[in-house]
Amino acid sequence: MKILITGGAGFIGSHLAERYLERGDEVYIIDDLSTGSMENIAHLKGNHNFTYYLDTVLNQHLTAELVDTCDVIFHLAAAVGVKLIVESPVNTIETNIRGTDIVLSLAAKKKKRVLVASTSEVYGKRDQVPFRESDDLVMGPTNKGRWSYACSKAIDEFLAIAYWKERLVPTVIARLFNTVGPRQTGRYGMVIPNFVRQAILGKEITVYGDGSQTRCFTHVSDVVGALMGLAECYDAVGDVYNIGSTQEVTILQLAERIKALTNSESPIVFVPYEEAYEEGFEDMMRRVPDITKISNLINYTPKCSLDEILNSVIEYQRRKLASEEMVPDFRRSLSPATN
Ligand code: UDP
């Protein structure tokens with residue numbers, strides 16, 4: 001098969017590309033490197049089945065060509081990360097809504113199959129867990145940046161379903177819950193890479209709020225399997241599916257576990273939300289998916305435990321930090337003063 005992955009140099013996209021290449025499929029990616037990186041796909045560049053374009057999906061000529069070439073499209077290109085979203089709301093809304101509209105309208109011409117990646121953020125501040133796909137979405141006010149992200153992804157979902165109902169484009173929506181693993185960067189606020197880096201470097205581990213909020217973390221390998229399963233299952237079309245794990249952990253327990261697994265001396269400190277994000281920031285206290293729907297459809301069960309997830313991130317961050325340390329030495333050796 002020929003697979004197009006928008007946002008293919010991102011954390012999840014690069015793992016998805018890798019898995020399809022391992023299977024022998026042809027993979028095309030388009031990524032503007034806004035949050036993705038060349039480092040994520042460096043190991044794929046020698047593969048003759050892999051083609052990458054450093055561009056935005058808003059470039060309609062290129063996107064049209066790629067959509068025409070491919071059999072299945074994974075639309076992963078989006079503004080991600082709570083910190084980034086709160087800081088750049090205009091870019092978030094534009095990237096998410098325009099990008100999805102362009103991909104779907106191009107896919108409509110030849111009725112190409114499209115998987116649209118959405119997020120558990122669309123459940124908003126719903127406080128009854130677990131979250132079911134048919135549940136009402138509970139949004140906050142429009143002057144709080146976080147909800148613009150949730151709403152922009154909800155619009156993406158409406159669009160995908162509308163394209164199926166009205167124009168018979170076979171779309172499917174995946175609502176991703178806290179995906180983690182190697183290659184995820186902490187730069188945009190994601191908690192596990194942040195805590196792991198802080199712990200390894202002996203810096204303060206920054207728990208926002210009182211740490212009693214919970215999340216369920218899923219390893220990227222489990223998520224990639226589920227994305228492929230959904231995209232390749234015709235019965236999934238026109239519908240929404242949660243992808244996540246049901247193993248719930250508080251953020252404080254998470255900090256303590258990471259500290260223990262890294263043998264770190266780092267102190268755990270509490271940072272008020274308004275200091276971490278913005279005045280009036282609203283967090284979700286619990287976020288647990290109901291995964292009955294996807295389990296029944298494609299037999300999905302996440303396999304990685306929390307410790308396995310954390311160990312894979314710790315190993316990755318240790319390697320990354322070691323290579324970052326090498327850079328100044330390398331530069332120093334090139335400078336005339338030391339030669
Ligand atoms: N968080 C934290 N310290 C950090 C980064 C995040 O305590 O350095 C908290 C954050 O406030 C949230 C949870 O960890 O309650 C998960 O945050 P993340 O941004 O990873 O995902 P999301 O909020 O989208 O679930």
Side-chain angles (χ1 to χ4, degrees), residues 5-7 12-13 16 72-80 85 92-93 95-97 99-101 103-105 107-108 111-139 146-179 215-218 220 222-246 284 286-302:
I5 306 172
T6 72
I12 300 174
L16 185 62
V72 181
I73 298 127
F74 287 87
H75 180 46
L76 269 53
V80 289
I85 283 146
T92 299
I93 299 168
T95 308
N96 292 356
I97 297 179
T100 304
D101 188 31
V103 168
L104 290 171
S105 64
K111 311 255 183 283
K112 294 289 172 83
R113 188 171 300 195
V114 186
L115 179 141
V116 174
S118 183
T119 162
S120 56
E121 283 273 328
V122 299
Y123 288 104
K125 47 183 171 179
R126 216 190 142 69
D127 54 9
Q128 289 152 282
V129 294
F131 298 159
R132 247 172 249 107
E133 292 85 346
S134 54
D135 284 339
D136 288 342
L137 311 181
V138 186
M139 295 297 155
R146 176 170 209 159
W147 307 120
S148 70
Y149 174 59
C151 284
S152 68
K153 292 307 287 187
I155 293 280
D156 285 354
E157 293 195 10
F158 279 121
L159 265 176
I161 290 169
Y163 267 95
W164 163 239
K165 285 193 178 155
E166 207 180 312
R167 312 219 179 137
L168 298 180
V169 185
T171 60
V172 54
I173 297 149
R175 278 189 192 154
L176 306 184
F177 283 68
N178 296 77
T179 306
R215 294 293 186 270
C216 299
F217 295 96
T218 320
V220 65
D222 283 324
V223 171
V224 161
L227 292 174
M228 293 166 78
L230 282 182
E232 291 168 22
C233 172
Y234 199 80
D235 289 340
V237 162
D239 219 336
V240 182
Y241 298 86
N242 287 337
I243 300 179
S245 127
T246 50
M284 290 82 174
R286 290 180 76 190
R287 182 184 269 173
V288 184
D290 183 320
I291 51 172
T292 315
K293 195 168 166 184
I294 186 169
S295 303
N296 288 343
L297 187 78
I298 60 165
N299 216 2
Y300 162 81
T301 24

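Numbers here are sequence positions counted from 1. In this text the structure is predicted, and so the values were computed from the model without any measurement.
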So which heavy atom on [X] is nearest to which on [Y], and how close?
X: Tyr300; Y: Ser245; answer: OH-N, 4.5 Å
X: Thr6; Y: His75; answer: OG1-ND1, 2.8 Å
X: Ile173; Y: Ser118; answer: CG2-CB, 3.8 Å
X: Arg287; Y: Asn178; answer: NH1-OD1, 3.3 Å
X: Ala231; Y: Phe74; answer: CB-CZ, 3.5 Å
X: Ile93; Y: Ser148; answer: CD1-CB, 3.9 Å

Can any side-chain N or O of [X] pair as donor or acceptor with the backbone N or O of [Y] at less than 3.5 Å?
X: Asn242; Y: Asp290; result: yes
X: Thr171; Y: Gly238; result: no
X: Lys111; Y: Arg167; result: yes
X: Tyr241; Y: Ile291; result: no
X: Asn96; Y: Ala79; result: yes

How about [X] and [Y]: do any of their side-chain heavy atoms sit closer than 4.5 Å?
X: Phe177; Y: Phe131; answer: yes
X: Leu230; Y: Ile243; answer: yes
X: Cys216; Y: Pro289; answer: yes
X: Arg175; Y: Lys153; answer: no
X: Lys293; Y: Asp239; answer: yes
X: Thr246; Y: Pro130; answer: no

Problem - Asp136, CG: over 12 other non-hydrogen atoms inside 6.0 angstrom - result: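 Counting neighbours around CG of Asp136, 12 or fewer heavy atoms of other residues, nucleotides or ligands fall under 6.0 Å, so no.
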
Exercise for the section: With Tyr163 as reference, evaluate Leu168, Val103, Asp101, Val116 under the side chain to side chain contact (heavy atoms under 4.5 Å, CB included) test and give the passing residue. Expected result: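 That would be Asp101; it is the only one of Leu168, Val103, Asp101, Val116 passing the side chain to side chain contact (heavy atoms under 4.5 Å, CB included) with Tyr163.
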
Handout entry: Option among Thr218, Leu227, Thr119 that satisfies the side chain to side chain contact (heavy atoms under 4.5 Å, CB included) test with Leu176
Key =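 The side chain to side chain contact (heavy atoms under 4.5 Å, CB included) with Leu176 is passed solely by Leu227 among Thr218, Leu227, Thr119.
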
Measuring from [X]:[atom1] to [Y]:[atom2], what's the distance to the nearest 0.5 Å?
X: Asn299; Y: Cys233; atom1: CG; atom2: SG; result: 11.5 Å
X: Tyr123; Y: Gln128; atom1: OH; atom2: CD; result: 13.0 Å
X: Ile155; Y: Leu159; atom1: CD1; atom2: CG; result: 7.0 Å
X: Met284; Y: Arg146; atom1: CE; atom2: CZ; result: 3.5 Å
X: Arg132; Y: Thr292; atom1: CZ; atom2: OG1; result: 7.0 Å
X: Asp156; Y: Ile97; atom1: CG; atom2: CD1; result: 6.5 Å

